[in-house]
Every structure is written in C-alpha cells, then in structure tokens.
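What's counted below: heavy atoms across the whole structure, side chains too, no hydrogens, waters or symmetry copies.
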Amino acid sequence: MVFYSGKIPTFSALPDITKFNDEVLVGDIVTTVTATDNDPEDANVLQITFDGGSTYFEYLNSTNEIRVISVPPVGVHNPSLTVTDPCDKSSSSTQKITIVNRLPVINNLPSTVSILEDTPDDTLIFTINATDTVTFPVTCDKKGGAGIPFYVSDIPPTDNGVFMDPGVTLNYDNNPSYTITVRCSDDDDNVEGILTINIIPNQAPVINSLPDSVSFLEDDNTNTLLHRINVTDFEGDLVTCSLNPTSTIFDVSLIPPSTVEYGIFLTGGTTLDYDIKDSYSLSAKCEDQRRSDTELFTVNLIRNTPPVINSLPYTESISEDLMTYTLIHTLNVTDVNIADIITCTLNSQNTLFELTKISPALEDYGVFLKGGTVLNYDITPSYSLDIECGDHRRKVADVLTVDLIRNEPPTIINLPMSCEIPENIETESLLYTVSITDPTNDSVTCTLVTASSIYFLQSGSTQFETEIYVRGNQDFVYDTQKQYTLDLVCEDLRRSDSSYFYVYLLRNMPPSFTNLQAKTTVSAQAVVAGQVIYTVTSVDPEKDQVQYTMTSSSATPPFTINQNTGAISLSRSIKNELEIGYELFISVSDGRNTVASRTLSVRIIDINHPPKFLNPIQTEVVLEGISIGSSIFQPSITDEDLSDVHTFLVSYSPPEGAVYFGVDTSSGLITSLVEIDYETIPYKTFLLTITGSDSLMVDSTNITLNIQNVNEPPKFTKKNYAFSATENSGGTVLQNPYYQFTEEDGDSVKFSIDCGTETGLLDIDSSTGFLSYSIDYDLDVVGTASQLICQVYITDNEYTDTAFLNITILDENDNAPVFQQNEYTFFVTSISSVGTDIGNVEATDKDIGVYGNIIYHLAQEDINSGLFSVSVDGFISSKQSLENIIPGTIFNLTVYAVDSGGNEHTTLVYIVIPDTEIATNNYRDIIYYKTFFSFSPNMAWFVPLMMVLVITACVVLHTIYKGYCTCSKTEKKQKKKHQKYRKRKTAIEM
C-alpha cells in the first residue's frame, strides 16, 4: 500500500466573467467550475459547495456549473466556492461575475433640424426614438441649456420629443440657432446627443415698385394718388405700409376701395413752393408682423415760371422843363402760364412818377410823369425806377432809367477883367460894361455875390449888358486894401454863370531905408541875450511916423526888433547853436504904405561845431568764429573843432548784445567780447546805438551787426587710418575705414582718393568713402603692390581736408598646386636598400610668396604607404626592405601636393618591382613578361573567383554561362593590363 501525504484540493483558475445585462437570463450557464487534487484517490470524489449568499446564482454539483436563478442587477457579483476532499481538506475561491449595463440608444437624433421663425410656442419640434435592450420605455430630458427656449418631454406611450417652450416667440435676428443636449436614461446609464435647431427667418415683404419718382406742378394742391405700391410677401403675411417718417404733405394709405393695396398720396391743402423745396424724398416702409422693407420715392416739383418784362431794362429821356402828366414808357410783360394774372408795381420811393394801366384798354402798364414838380438836372440828372411784375407765385424786377435833358446856362463873355483907380478917388464912376449870352434867350439878371457899399451894378443899354460902378468918397487906404475883387453872377430862371472883376488902388509914396541892405557879425560866445546888435534907420517923404517889422529866413531866429526904434537885439543865448548866420527881413510902414522888406545879414562867429558821425546808419557783417578782442568796426566821427575830445556811449538792442560786443569809450571801436558761434548765438542781428559827445553837443549812429554763418571746413578728427584687405575681384568693397570727421554746418561732403602711382587701382564712393577694387587685384601678378599709401580727401565743395590711409593687401591662396604629369612610373629592384630614392614628383603653384610653397605626402588610406614615403620636396623612397616583394609587382601610390593654404592636387605613381637574373656573377636587371598565373596580384583574386564559379556551376547552367562570361571579361582586362605593362617594359629597355 502506498500512502500519500494529504494535499489540499484547489480550483483551477476561475476566470473573471463579464456579461451585458441583456445577455443574462434565468437558467443561463455562467461558467463551469473545475477543481483538482494531487491526491489521486481524491481527484474524483471532491465536493464543491456554493457559498453564494446571493439570490441571483446557484451551483449544480451534477454538472459543476454556475447558473442564473434570477436576473442579477448591473454591478459586480462575487459568489464564493469551496472545494473539500474526503479528508476534509478544503480551499475556497471567489468567482467574479461583472454584469455590464448595455447603454440605451438614441436611434434617430439628427445633428440639425430647421424650424420656421413663426413656429408657435409649445410645438413638437422633433420626435426622439430611444430604445434599450432591457429598460422600456427609455426616458429622455434636456441637459442644462438654461435660457434655451426648448424642452424634452415624453410622448406616450413610448417616445420622447423636443418641444418649444410655452409663451416663447422666436426671433432669428437675436438667435439664428439653438443647440440643446438631449439626455436619455435606462435608469442605470445615460446617453447624450446634440441637436442644433436652426431658425428659418420669416422673410421681409418686398416693395417691387420702388424706388421710383414722380413730377408735378408746384401749384397742385388737391388729394392726389402719386404712386401705387406693389409689395409681395413670401409667406403671404398681412402687410401694412406707411411713410417713415410721416409727412404732413404726403401720406401712404390704402387705395379705396381696396383693403390690401397701398398708394402714395399728395394729401393736399398745403401750398408747395419750388424755391423753398424743389423735391421730397419719401421713405415708404412695408412690414409684416416681423420684418420690413423700406424704399425711396422721390417727388420732384415742377416750378411755376415767373412773368417776363420784355421792354426792360430801358432808358427814356425827357426835358427837365417838362411839368405836365406825361406817359414816359409802356411796359411789355408776358407769362408762359397764360392763365396767371400779372400785376406790376413801382418799387422806387419816388413822388415824381407812377405806374398804372394805360387807358382806355387798361391792359398794358405805363410809367407816367405826374407833373407839377420842377425837375432839376443839376440836382438829379437821372432817375432809376425799380419796376416789379409778378403772378400769384413769383415776381421779376427790372429797371427803367429816366434821363433828364439839361437846360443850358447863360455865359459871361468878357470877364474876368480889371481896372485901376487912385487911392483918393472921390466921384461915382463907370468902371466896366459886362456882356452876357444865353442859348435859350432867357431873361438874364446879374448881381454881386457879396453886397458892397462901394460898388454897384445896373442894367446896360441892351438886354444882355450890365454896368459896374464905384461910389464916390470911399476913403480908400492902399495900405489897408489895395485890391478889390467883385464876384458877379448872371442867371436865367435855372442856371447861372459867374466871374470876377478886379479893382486895383494906386498908393501914395512909401518911406525908405537909409542903412539897409547891410551886414553885421555876432560872436556866439560873447553876446548875451538882450544885447543890441544893430539899429535900422529910415526916412518917409510925408514925415509919417514909421514902424518896423522883421521876419527871418529861420523859423526861430534868436533876434527881435523894436518896432518904433528899429533896434535889433539878441533874444536868447546862441552858445550851442550851429547856425552860421541869419537873413533878417525888415519892413517899414508909414501907416498907409509898407516898404518892401530889406535884408540884414547877420554872421555868427565863434560857433561850437557838434561832432558828427559820417554815417548815421550803418550795417556791418560779423563773421562767426572771430576770436575774443577782435576789432569789428571803427565808426568815424568828425568835428570841425579839431581840439575837441570825444567820449562814446553805447546802447544795445537786444540787451544781450552787451555780452558779445564792447565799445571803447574813447575811440568808439567795436570789439568782440566772446568767440562768436553762429549755430549757438541766440540772435543773428544786433543794433548798437553809439553816441559821441564833445561835452557840449552829441551825435549818434545806429550800427547794425549781422552775424554771418561762415562755411566751416570739414575736418578729419583722425588723420591716419590703416587696415588690411585680401586681394579680390574688381568691384569688391573693402573694409569700412570708419572715417572720423566733423562738418559743423551739416553740409553734405564728398570723398576722393589719391594713391600716387597706384591711383586707379581703387574706387571710392564719393558719399560714403567706402573703397572698392576698380580692377581684379591679384598679388600673383608680378609688380602688383601689396601696400597702398593713399591720401583721402573730404570736401564740402569749398574746403577740403586730407587724411592718410595705409592699406595692406593680403595674398589669398587662390591657386592650387598642379603636378606636371598626371601619373608617374618608377622602377626599383627588390634588393634596393631601405631609403633608396626611387623617383621625384614635382608640382607648381601660381601663387607667389608663402602660398607658393608646396609640400608632398602620401594618401593616408593608401595600403602601400607603409612601404614608401615621399619627402616634403617630392622625392619618393622606400621605408622598408623590398626583398620579400615578388618581382613583377606594381604598387600604386597617390601623392598629394599641398600648399601652405591647404589647396592640394594629387597624382598617381606606379612603382614597379622588376625581375632580376644572375649571369656570369654579374647582376643584371631584366624585366620579364609574366604569365597570367605568375603575376601574384592576379592570383589574389583569381583563386576565389574560381571557387565561386565552381559552386555556381552546381546550381544552374545559366549561372555557369554567366560565370563564363564574367571570366572572359576579366581575362580581357588582364590582357590590357599586360599590354600596358609590356609597353612600359619596352620603354624602359629602350
């Protein structure tokens, strides 16, 4: 008997079970349970019990199955199982059963639906079909969406619907669409769908007959239909029309008897006036309950044409003597509107004329002179009459000019004239007879304009003569009045002529001077006021008492005369006066006659002459930049008194001039007190008023100083510049020298350059000073300068400054070395010693200088570089012994020639190891022609190739054929190489 130690029975792995709730029915097998036991005798007698603790599942021992006894709810269920062997050894495990709810489905929810803007409230918008495999029916509602005027509610018995909220009116203009979230539930889970509800706007009515316009006479004043409004509405809504804004003159209303057709009317009762407003723009608005259409209707008034005065303007002429009621002018007035009644008025404020209809027809208007009023050409030669004619609306005006024809005056034909009478005439006497003419033979009367007690007029012997008389015993006094002027006027009823008649008196004998004309001198410094300088004397034939009067050539002479004695004295001091003399004109009178003045010439001596500047006004230019203390201007002053000493004073305008300029008090010299800078000085013009005095008298001069801007030269603040540049092609711009210069005036400057004998190699930009090569600059060309010493000029077209520029031209490695041959072939025996020179390669470089130096080296990747070396000067030598090299071997070497700038060139070098042969103890180098198989390099590739060909032949015949072709091609290449080798051998032997 074999005993086993007790093993605990166990369940095989219990998988997690997941099922949808609509997949689980009563009686369904959820899973089959398997248990094992390592004790063989227990394996078939294990007892499984179900510790369900659940009303949804049961375990069947007969089949080891877990079955559904009632539909489990959604969730995780964990029934416990226990397996027990006969020895009561047991273990437990949990079977995880997950019931998953299958989500409800919204079967027909579209992304969008569209509804009319006019949809009434609480209307079903869309019917939702939502189903669930378990729950029936599914309930739906709206998720969130506050302010969205729609809700979701059930539609018995099974559906749900989207409804518009009660009491809501949709408005496309405010919200053209709404988005709601529809949520449907099976009491376990929810599903959601998005529905966008687009609002279809109610279309506005359309006014088809507008815009339009109409024209009518401004005289229309009755209710008149002007336009029928043709309006349509897509939805057939009731449409109403009106004016917007409203008008008291026009209106939009229904056209009787229609209840739907509207028209635009002139309401009437309002007087229209084209001159005030010639057109009206009416805005007609037609609207349904939601929207409107507005169009314009234009009303143009046709102007009533005013009458026309065809006979004006015009000028009529009448005699100024006309005094009766007389027709002067007949008006011709017409009106396009023949029905209009024309009235005319005289607008002029004139009492001489009137406008009235002409009798007897009383159709035309006439302008009449009323008469009874004396017209006077001299007062009013012409009358302008403003005549206005109008109909009931408008008036026109024009002018009738009435010119008077002048009545000509009489003419005095023999005046002016004169006569002489003695001063002592005593009898009445006829002096002169005046003759007159009158073109119209009117009665003419002559009178003195100023009534006289001395003279009078009386009629002559004929109608047109008048006589002039003087009365006797008039006691004429010649000295009182030696001439009389008679002003005569001769006139008819309207006008007069006037002229003069002169009467001259003959005087008695006057007195005479005894000591005039005369001269005298007066000292300005010695004579004092009141001192008599001269006494005038005279005689009178009648021994009358005489009196003296005096005038002078000067308006204010310093002298006065005693009228009785004739003594002339000084009236004031003349010490400071400059007049060198006076002409005194003295007259004497005996009471009736005054003697013409005689002259006393008074000469003044010892006069103090005033100083005098040569130029009272002067303008001087002061150039900016003058140094402190520089003389600017020396005003010139003169004085006839050579011994006088002068002092100078100055005033400045503006006062700041005292800061910049000084005036010497003893000489008047103007000097600069500071250095003048045009750009910083606040004023550009200064007025200096300088006075010069000799202690008694002064003079002044005004000197204007104008500060002038001086063109200050451009100046290099740094004189020497140096830089280096690399040789390059023509046009290449060199390094910017960064010139340092000043140009205080801000003038534009130009640059130029002079490089001596190298001038022309460089170009300079005249505005920037940048330099560039004018030609291709190559230092490898013999004679090309590697250093340029140039002078750079800067100018403002007036001044020039110079700087110095040192440019070092650097050589550029612009050429690579070039081998003289594309390949070289050298021979060396295998017995040659290490270091034996085998051959020499040579390359040249067009660069001169450091870039023309060449060194040589072998390619580093060359497998033969370990046997040979090349010196820097191109000599190839062996680095190792060649004893083990099979004769006939050819080495390929790549030799580099490199200049100091890194440019390089390569050439191919063949080194041949020829065969050697011993004859009569002498070594002789012989070149053998080797066979294909004796040439070791060929065997290196031929043997592997044969092996590949043999293997390939075992595969397919075609491959054998291709291999044969490949071999043939290879042999041809080898033959060509042998031929080349033979040619080299022949060349060596020769």
Side-chain angles (χ1 to χ4, degrees), residues 619-633 652 654-662 670-688 704-726 728 730-774 777 785-810:
T619 300
E620 297 294 328
V621 174
V622 180
L623 300 179
E624 70 166 328
I626 62 173
S627 58
I628 299 174
S630 297
S631 296
I632 294 176
F633 181 70
Y652 300 90
E656 287 80 0
V659 176
Y660 302 97
F661 306 102
I670 303 173
T671 58
S672 62
L673 300 179
V674 297
E675 185 172 338
I676 306 290
D677 185 356
Y678 183 87
E679 284 72 28
T680 60
I681 194 168
Y683 301 96
K684 306 302 187 270
T685 298
F686 295 90
L687 175 63
L688 278 64
T704 300
L705 301 181
N706 292 324
I707 311 302
Q708 180 172 308
N709 188 17
V710 175
N711 182 21
E712 300 179 51
K715 184 176 182 181
F716 281 107
T717 56
K718 178 182 177 182
K719 287 288 188 178
N720 296 291
Y721 301 85
F723 65 86
S724 60
T726 305
N728 214 320
T732 302
V733 178
L734 280 63
Q735 173 185 334
N736 184 359
Y738 294 103
Y739 301 113
Q740 298 178 26
F741 64 92
T742 59
E743 172 47 67
E744 296 185 5
D745 298 319
D747 295 339
S748 59
V749 296
K750 294 182 179 179
F751 294 89
S752 60
I753 191 170
D754 181 4
C755 297
T757 58
E758 272 72 39
T759 300
L761 299 179
L762 298 177
D763 291 331
I764 187 168
D765 188 305
S766 62
S767 59
T768 64
F770 287 177
L771 299 171
S772 61
Y773 291 120
S774 59
Y777 207 102
S786 61
Q787 188 172 36
L788 300 177
I789 306 298
C790 303
Q791 291 181 334
V792 178
Y793 304 104
I794 185 173
T795 179
D796 62 358
N797 293 327
E798 182 178 355
Y799 297 104
T800 302
D801 196 18
T802 305
F804 300 94
L805 182 61
N806 187 339
I807 305 174
T808 301
I809 309 299
L810 303 178

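- Judged by distance alone, with hydrogens and angles left aside, the side-chain atoms of Thr717 form a donor-acceptor pair with the main-chain N or O of Gln740 at under 3.5 Å.
- Using a 4.5 Å heavy-atom threshold, the side chains of Ile789 and Glu758 count as separate.
- Here the side chain of Tyr777 pairs a donor or acceptor atom with the backbone of Ala785 at under 3.5 angstrom.
- In terms of modelled atom types and a separation under 3.5 Å, the side chain of Tyr721 and the main chain of Lys718 share a donor-acceptor contact.
- Under a 3.5 Å cut-off, the side chain of Ser774 and the backbone N or O of Gly760 do form a donor-acceptor pair.
- One N or O on the side chain of Ser672 and one on the backbone of Ser630 form a donor-acceptor pair closer than 3.5 Å.
- One N or O on the side chain of Glu624 and one on the backbone of Val710 form a donor-acceptor pair closer than 3.5 Å.
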Can Tyr739 and Val749 be said to form a side chain to side chain contact (heavy atoms under 4.5 Å, CB included), step by step?
CA-CA 12 Å; Tyr739 301 113; Val749 296; over 6 Å; no
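- Tyr652 places a side-chain N or O within donor-acceptor distance of the main-chain N or O of Phe661, the cut-off being under 3.5 Å.
- At least one side-chain heavy atom of Phe804 sits under 4.5 Å from a side-chain heavy atom of Gln791.
- The side-chain heavy atoms of Val792 and Ile794, taken from C-beta on, include no pair separated by under 4.5 Å.
- Inter-residue side-chain proximity for Phe770 and Ile764 is flagged as unmet; no heavy-atom pair is nearer than 4.5 Å.
- Asn706 is linked by a side-chain hydrogen bond (donor to acceptor under 3.5 Å, both in side chains) to Thr685, counting only residues two or more places apart in sequence or in another chain.
- Looking at heavy atoms from C-beta onward, Leu688 lies in side-chain contact with Phe686 at the 4.5 angstrom threshold.
- In this structure, the side chains of Phe723 and Asn736 stay at 4.5 Å or more apart for every pair of heavy atoms.
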